[in-house]
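As the structure lists them, so they are numbered: ligands from 1, and atoms in each ligand from 1.
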Amino acid sequence: MHFPQALLHLFLTLTGSRAFTVPARVTQNAPACNAAAIRSALKAITWDSDHAESLKPEYWADLAQTNLDWFKDFSVTTSGSFETGDVKWFEDGQLNACYNALDRHVLNGKGDKVAIIYEADEAGDVTKYTYSQTLARVSQIANMMKSEGVKKGDVVTVYMPMTPDVILTMLACARIGAVHSVVFAGFSEDAIADRIAAAESKFVFTTNVGLRGGRSIPLKKTVDNAIEKDRAKKFVEKVFLFKRTEEEVNFVEGRDIWADDLLAKQSTTCEAEVMNAEDPLFILYTSGSTGSPKGILHTTGGFSLYAMHTTKTSFDLQEDDIYACVADAGWITGHTYICYGPLLNGATTTVFESTPLYPDEGRYWDMVERLKINVFYTAPTAIRSLMRFGDESPKKYDLSSLRVLGSVGEPINPAAWDWYHNVIGGGRATVVDTYWQTETGGHVACNLPGIHDPKAGSCRGGTYGIDIGILDPQTGQEKVGNDVDGVLVIKKPWPGMARTVLGDHERFMTTYLQPYPGNYFAGDGARRDEDGYIWVTGRVDDVINSSGHRIGTAEVESALVADSSVAQAAVVGFPHDIKGEGIACYVTLNNGLEMTDDMKKSLKMAVRSSIGPFATPDLIINAPALPMTRSGKIMRRILRKIAGGENEFGDTSTLADPSCVPVLVENARS
Ligand code: PRX
């Protein structure tokens, strides 16, 4: 059904809505007679034409001009292409992301509005920072960095716990034009050293310790060990050290700096550096199917606009909302949806330091009640792990403030979706399933609240500016229409997309832009159902998604073969009730060694200390031989099935030695 456009626009004007602005606050079950519900119904009807408009560069030009403050206006909205791999947005415009996230709101009279709510590790230990206070401290951090020699373009490595200082350090980098490279504080010393070396980073920010779930985590010690390694040592000049507790740590004179002491001496004003829209804002390392993690690079103008717009539209963000994304700043979700997106919108964002199980499984819900959270954003793995405890715990709390419930990181299974919607959201709050990646900068597919009816388990389809296609994986031909499956691509450049892999543009091209020329290839499979809804079916490459963490099988394999007892290893994901995917490692030991329980433990430890605890294998399976094709390729399909407890392996006749399969089945069960 189509309304005549003129009539529709008249109606939207009368009801106070503007085309292309944020959808009105509505829940999916709003009463039919309410004006907001009527607006919502009309918006759903006009979505196709709104979406078509948003695929035009003018849409973004208009938003960029009206929603960001520019030191110099841009004259070119976008240039470059997927074919040539040189996409740019607003390239001759000048702005500063930190200025837009903080100063702009203070100058607009919102200085006393709360920018950050810090929910520390102990439940109820809450500190609030206004926009003015946040700007003052960010300026001090920025001045401190400058006084110690950090310059525009320098890469600053950030290995910090979830205190507001991690966010403020990112913003301080943006303020002076330094490029932050945040390393999730669960990564090992080896992983930190690799990232420091790859980015040639001279400066590191950390804290003496982190606090999580009542435990002290020796972050500074891990940083020290990382910098001990020659590949990192040759770059690092200064380590800025915040104090999370009074715990003593090793202090290296001449290299380490007590940030809190030096900060107190800094001015609370610091001019924001004039940045070109295409200047790097940050790099963030992420795992791929082969080789070492890639330093994904995002730029200032396009990323800022995209972070801002998707936060506003995907979550139907309102001026007075209390917004809480409980991810970690060390992943892209923390960058876009704890730091930049909410603050660029002038919203109140929450920094959550603890875990969902501390002091008990009611922690999130207790926090929602106390802080009166309206928008809550987490991963299906957390929902599944809390569901196990039943409905009693959430029912003890008043969760009526919740209006939008976001989900991210992996497909959300219908049971978890139902629980989230009904038990947590009281059947009122809209569940928004957001599909995206480190490389996309922000959401690229989701059901928009107030516009699209959700379907449990589906992220619906492309958001504003995103043209999703499903291609035949073999021929690359687009599968048009509904009821099709294939690989998921994005057909047109968008402002928030990554521009390159740091130091390896060729890898950017071969991974994302060359597999299906003219398209951005996400690495995921997808199905478009009979109603046009997209269902992401998971990675089509060798990347495991475990508890929403992206882990390259190649990284786990190299951690295993680095162990002197291992001759060969093949790593695959398998279905796991809580984590989505578990990590199964098939290991061939060197001659004469036996796969004992102790050996399994020590191999798990090897992976844990090489990558980080989140990559700890679930299964170590003794593999005297691996199922290889005659051309020497490991048949991972069979390994995945064995680890998942299946008994049917399809055609095994192409294997060089099919007799290894029953041995592996036996070993997987022992
Ligand atoms: O496989 C998709 C899955 O997570 C991958 C991206 O991982 P990462 O870059 O670490 O970013 C995670 C946070 C955005 C994707 O390629 N993924 C992410 N969100 C969803 C998802 N799969 C299905 N549904 C989602 N909502």
Q.
Check this for me: does any side-chain nitrogen of one of E410 and R384 sit under 4.0 Å from a carboxylate oxygen of the other?
A. yes
**Q.** Working for salt bridge (Lys or Arg N to Asp or Glu O under 4.0 Å), residues E119 and R363
**A.** CA-CA 11 Å; E119 165 92 9; R363 178 61 184 269; 2.9 Å; yes
Q: State whether F187 and R195 meet the cation-pi test: NZ (Lys) or CZ (Arg) under 6.0 Å from the six-membered ring centroid, and within 45° of the perpendicular axis.
A: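 Satisfied, under 6.0 Å and within 45°.
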Could you go through ligand 1 and list every pair where one of its N or O atoms sits under 3.5 Å from a protein N or O, giving the atom names and the distance to one decimal?
| from | atom 1 | to | atom 2 | distance (Å) |
| --- | --- | --- | --- | --- |
| ligand 1 | 1 (O) | D524 | OD1 | 2.6 |
| ligand 1 | 1 (O) | D524 | OD2 | 3.4 |
| ligand 1 | 4 (O) | G409 | O | 3.3 |
| ligand 1 | 4 (O) | N545 | ND2 | 3.4 |
| ligand 1 | 9 (O) | T438 | N | 2.8 |
| ligand 1 | 9 (O) | T438 | OG1 | 2.6 |
| ligand 1 | 9 (O) | R550 | NH1 | 2.6 |
| ligand 1 | 16 (O) | Q437 | NE2 | 3.0 |
| ligand 1 | 16 (O) | D524 | OD2 | 2.6 |
| ligand 1 | 16 (O) | R539 | NH1 | 2.7 |
| ligand 1 | 17 (N) | G409 | O | 3.2 |
| ligand 1 | 19 (N) | G409 | N | 3.1 |
| ligand 1 | 24 (N) | E410 | O | 3.4 |
| ligand 1 | 24 (N) | P411 | N | 3.4 |
| ligand 1 | 26 (N) | D433 | OD1 | 2.8 |
| ligand 1 | 26 (N) | T434 | O | 2.7 |

Q: Identify which one of D529, D485, D433 satisfies the side-chain hydrogen bond (donor to acceptor under 3.5 Å, both in side chains) criterion when paired with W535.
A: D529
Q.
Run T430 and N447 through side chain to side chain contact (heavy atoms under 4.5 Å, CB included) and show every step you take.
A. CA-CA 9 Å; T430 306; N447 53 295; 4.2 Å; yes
Q: Indicate, with yes or no, if the rings of W494 and Y520 have centres closer together than 6.0 Å.
A: yes
